[in-house]
Amino acid sequence: MAIELYYWDGIQGRGEFVRLALEYAGADYVDVTREPGRGTDEMMELLDSSSEAHLPFAPPFLRDGDQLVSHVANILLYLGPRLGLSPQREDLRWFANGLQLTITDFVAEVHDTHHPIATSKYYEDQKEEAKARAREFVQNRLPKFLGYFERVLNQNPADHGHLVGKDLSYVDLSMFQVIEGLLYAFPKAMKGYAGRYPGLAALHGRVKALPPIAIYLASPRRLAFNENGIFRRYAELDLEP
Ligand SMILES: N[C@@H](CCC(=O)N[C@@H](CS)C(=O)NCC(=O)O)C(=O)O
């Protein structure tokens with residue numbers, strides 16, 4: 001039975017981290033809300049269910065047979081060994097999960113640059129606070145997170161240009177997506193980033209060129225970034241580092 005991915009239609013959002021792993025591995029999956037004959041109502045029914053025993057709080061979540069799994073990092077922890085995208089060694093699996101949870105935190109901070117006050121309110125209603133939040137993000141948090149991941153790459157004893165161990169893992173795919181999103185949302189702040197974070201820039205380029213990823217990125221399944229997603233391009237929030 002195909003794996004079912006549940007996520008909001010119309011945006012890459014957090015669902016994209018899961019999609020990249022499924023696409024890279026050539027997994028048999030259905031993107032439920034985008035599937036003809038199915039759709040967002042089906043996802044809402046599940047979220048509103050009064051009988052589902054393993055109720056998810058928010059998308060993305062995944063159904064694999066009887067198993068429901070929510071939260072990006074948890075989904076990737078589940079999928080990794082099944083898709084051949086997790087390290088073999090147990091200590092490295094825990095490290096990979098820690099890195100993915102750091103990416104979760106990073107993504108939440110990216111989200112908060114445009115929604116610093118309330119997720120339930122429009123960006124336009126929190127624009128002034130967003131400017132202050134984005135300034136702090138660009139000046140302090142962005143270099144702290146990217147600097148950390150650059151160090152992880154450099155300090156990987158396997159030294160094969162991956163974040164964990166010697167082979168490509170789901171964390172590398174997610175890091176690609178973070179860089180891609182940052183380049184879209186913060187072109188000024190990211191200008192010259194390859195000079196400051198050469199390892200991450202090389203990783204980004206390598207993942208982008210992997211044949212299954214290149215094919216996916218060129219396909220209609222890869223939606224363009226837009227101003228409803230996590231990575232949004234608002235000129236007033238972007239500034240030189
Ligand atoms: N930690 C969760 C965050 C999930 C999340 O925030 N999902 C968003 C969409 S990207 C959502 O629908 N949130 C609804 C809400 O928080 O009320 C993950 O990594 O999957």
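Counting starts at 1 for both ligands and their atoms, in listed order.
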Ligand 1 contact by Y7, heavy-atom criterion under 4.0 angstrom: yes
Should P60 be listed as contacting ligand 1, given a heavy-atom distance under 4.0 Å as the test? yes
[atom] [closest protein heavy-atom partner, distance rounded to 0.1 Å]:
atom	result
atom 15 (C) of ligand 1	F57 CE2, 4.2 Å
atom 13 (N) of ligand 1	A58 CB, 3.7 Å
atom 6 (O) of ligand 1	R14 NH1, 3.2 Å
atom 12 (O) of ligand 1	W8 NE1, 2.9 Å
atom 1 (N) of ligand 1	H71 ND1, 2.9 Å
atom 20 (O) of ligand 1	V72 N, 3.0 Å

Please work out which of A73, P59, G229, A108 has its closest non-hydrogen atom nearest to atom 8 (C) of ligand 1. P59
What I want to find out is whether R93 reaches E90 closely enough, with some N-O distance under 4.0 Å, to be called a salt bridge. no
Under the criterion ring-ring contact (aromatic ring centres under 6.0 Å, His included), I'd like the reasoning laid out for Y184 against F231: C-alpha separation, chi angles, the key distance, then a yes or no. CA-CA 7 Å; Y184 172 78; F231 295 99; 8.4 Å; no
With a sphere of 6.0 Å drawn around CG of N154, does it hold more than 12 non-hydrogen atoms of other residues, nucleotides or ligands? yes
Are more than 12 heavy atoms from other residues, nucleotides or ligands located less than 6.0 Å from atom CD of E35? yes
Would you call the rings of H111 and H114 parallel, tilted or perpendicular, taking 30° and 60° as the class edges? perpendicular
Below 30° counts as parallel, above 60° as perpendicular, anything between as tilted: where do the rings of H204 and Y193 land? perpendicular
Compute the centroid of each ring, for F137 and then for F186, and state whether the two points are separated by less than 6.0 Å. yes
